[in-house]
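Data first, discussion second: the structure below is written as structure tokens.
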Amino acid sequence: MTAITYELLHIDKNSGARRGIVHTPHGDIETPVFMPVGTLATVKAMSPEELKEDVKAQIILSNTYHLYLRPGHELIKEAGGLHKFMNWDKPILTDCGGFQVFSLSALRKITEEGVEFTSHLDGSKHLFTPEKVIEIEEALGADIIMSFDECCEYPSEYEYTKKSMERTTRWAERCKKAHTTENQGLFGIIQGGFYEDLRKQSVEDLKKLDFPGYAIGGISVGEPKEEFLKILRYTTPLMPENKPRYLMGVGSPDYLIEAALSGIDMCDCVLPTRLARHGTALTSKGKLVIRNAEFERDWKNLDEECDCYTCKNYTRAYLRHLIKTNEILGMRLLSLHNLRFLTKLMERVRIEIENDNLLNFRKEFYEKYGYDKII
RNA sequence: GGGUAGGUGGUCGAGUGGUUAAUGGCACCAGACUGUAAAUCUGGCCGUGAGAGCGUACGUUGGUUCGAAUCCAACCCUACCCA
């Protein structure tokens with residue numbers, strides 16, 4: 001009995017999109033799902049109650065690297081694990097620090113053994129090996145844990161990408177060997193940059209390791225949308241059908257719909273919460289930079305189609321005022337709305353898959369949102 | 001009435017003879033943001049012009065000088081102290 005299993009409910013006859021359930025020790029996840037990111041054991045500006053009751057989040061992410069540095073995984077283990085520590089009793093997924101290999105590229109050095117980081121906090125040196133990452137993730141106690149990978153930047157040369165991908169596979173094997181807990185599911189991460197043959201090789205090699213779920217890493221790193229879609233549409237169908245498929249780091253509405261269409265079950269992203277803190281709202285009619293002067297006397301709510309607490313109670317003018325004055329409530333209300341916008345979008349996506357109608361929904365959504373073309 | 005300090009672009013505040021349309025901060029106006037070093041970052045911010053440029057500008061008026069926000073004089077105003 002593995003900790004994580006996937007139940008396929010329906011496949012959209014017209015697109016191949018999947019409607020399913022991921023079973024975890026902390027409950028079921030209806031998929032496709034959007035997962036809010038809570039790097040430091042908190043989805044910035046949101047309480048767990050708000051995430052459950054208002055956002056209707058089913059699962060959230062946390063980060064191995066950041067929690068290892070502060071407050072330390074041992075402390076969280078002592079607290080009884082991440083769920084208890086942060087008062088979240090639903091599923092959690094911990095990212096492995098692979099993205100930090102990418103985003104902290106100036107502060108790290110990669111070898112076969114692992115990655116040596118210079119802490120961005122105090123300059124201290126830390127070695128992350130696959131074994132160390134698993135030790136940390138087991139201490140944190142998330143339901144789904146990710147194997148240690150390297151997320152390559154875009155663009156990267158073929159030879160480097162190949163070596164990096166093969167090393168990521170070796171690291172995945174070491175992660176699997178190091179993994180001991182039975183109540184956590186370890187996912188493998190597919191790499192290979194923007195080269196189809198490398199993606200194919202990565203999937204095939206990782207499949208042999210028989211992980212309970214697989215993720216696509218290393219895309220949505222600054223490439224054009226065409227490149228993103230090319231790799232997404234090429235790679236997803238190669239992934240096992242009886243296991244969850246997770247696309248890492250994707251969160252704009254169009255990317256989420258494209259991911260679902262290609263057969264992805266899970267996505268996560270910091271975008272909605274970051275945009276919110278920076279004063280931008282996602283709506284059914286496109287992005288609103290609510291900080292801008294045009295909303296000074298706009299007495300409408302953010303999105304007439306939204307059912308969130310923010311939209312039920314507050315005007316654009318008030319939200320603009322809060323953001324302009326740097327009030328905490330402004331970031332909170334926008335974060336709540338943006339997260340709810342995406343979870344509601346995915347609720348709709350799930351219904352459209354059940355009705356074999358996701359392709360039509362995409363067209364309708366794009367037109368209203370203001371995306372100019374379907375690629 | 002006397003004394004002292006001071007009046008700079010929306011604001012606070014640098015700048016004490018030329019390279020100054022004038023450092024910075026804030027405010028304001030935009031843009032970016034996709035497994036969070038992010039309540040962050042980037043750009044704009046006198047007028048006009050696509051631009052080189054041109055015009056106007058450091059309380060007011062006058063003066064010194066090749067050249068003044070910067071030096072001199074008078075005046076106006078502000079703050080504090082004394083009467």
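Quick note on labels: first sequence line is chain A, next is B, and so on, each numbered from 1. If you're wondering where the values come from, they're calculated on a predicted model, not measured in any experiment.
- Remark: K225(A) qualifies as a cation-pi partner of Y371(A) under the 6.0 Å distance and 45° angle criteria applied to the six-membered ring.
- Of the side-chain N and O atoms in N326(A), none sit less than 4.0 angstrom from OP1 or OP2 of rA39(B).
- When the C1' atom is compared between rG6(B) and rG59(B), the two are found 11 Å apart, to the nearest whole Å.
- Comparing D254(A) and M331(A) by the nucleotide of RNA chain B whose heavy atom lies nearest to each, the residue mapping closer to the 5' end is D254(A).
- To the nearest whole angstrom, the two C1' atoms, one in rU64(B) and one in rG10(B), are 35 Å apart.
- Using a 4.0 Å heavy-atom distance criterion, E137(A) is classed as making no nucleic acid contact.
- Evaluation of atom-type donor-acceptor distances gives no pair under 3.5 Å for the side chain of S103(A) against the base of rU36(B).
- Among the protein residues, T280(A) comes within range of the nucleic acid bases, having at least one heavy atom under 4.0 Å from a base atom.
- Linking Ile, Leu, Val, Met, Phe, Trp and Tyr residues whenever their side-chain heavy atoms come within less than 4.5 Å leaves L271(A) and L93(A) in two separate clusters.
- Within the nucleic acid shown, C96(A) comes within 4.0 Å of at least one base atom, counting heavy atoms only.
- At the heavy-atom level, L107(A) lies under 4.0 Å from base atoms of the strands shown.
- Across rC58(B) and rG53(B), the matching C1' atoms stand 23 Å from one another, rounded to whole Å.
- No hydrogens or angles were tested; on distance alone, nothing pairs the side chain of N63(A) with the base of rG35(B) as donor and acceptor under 3.5 Å.
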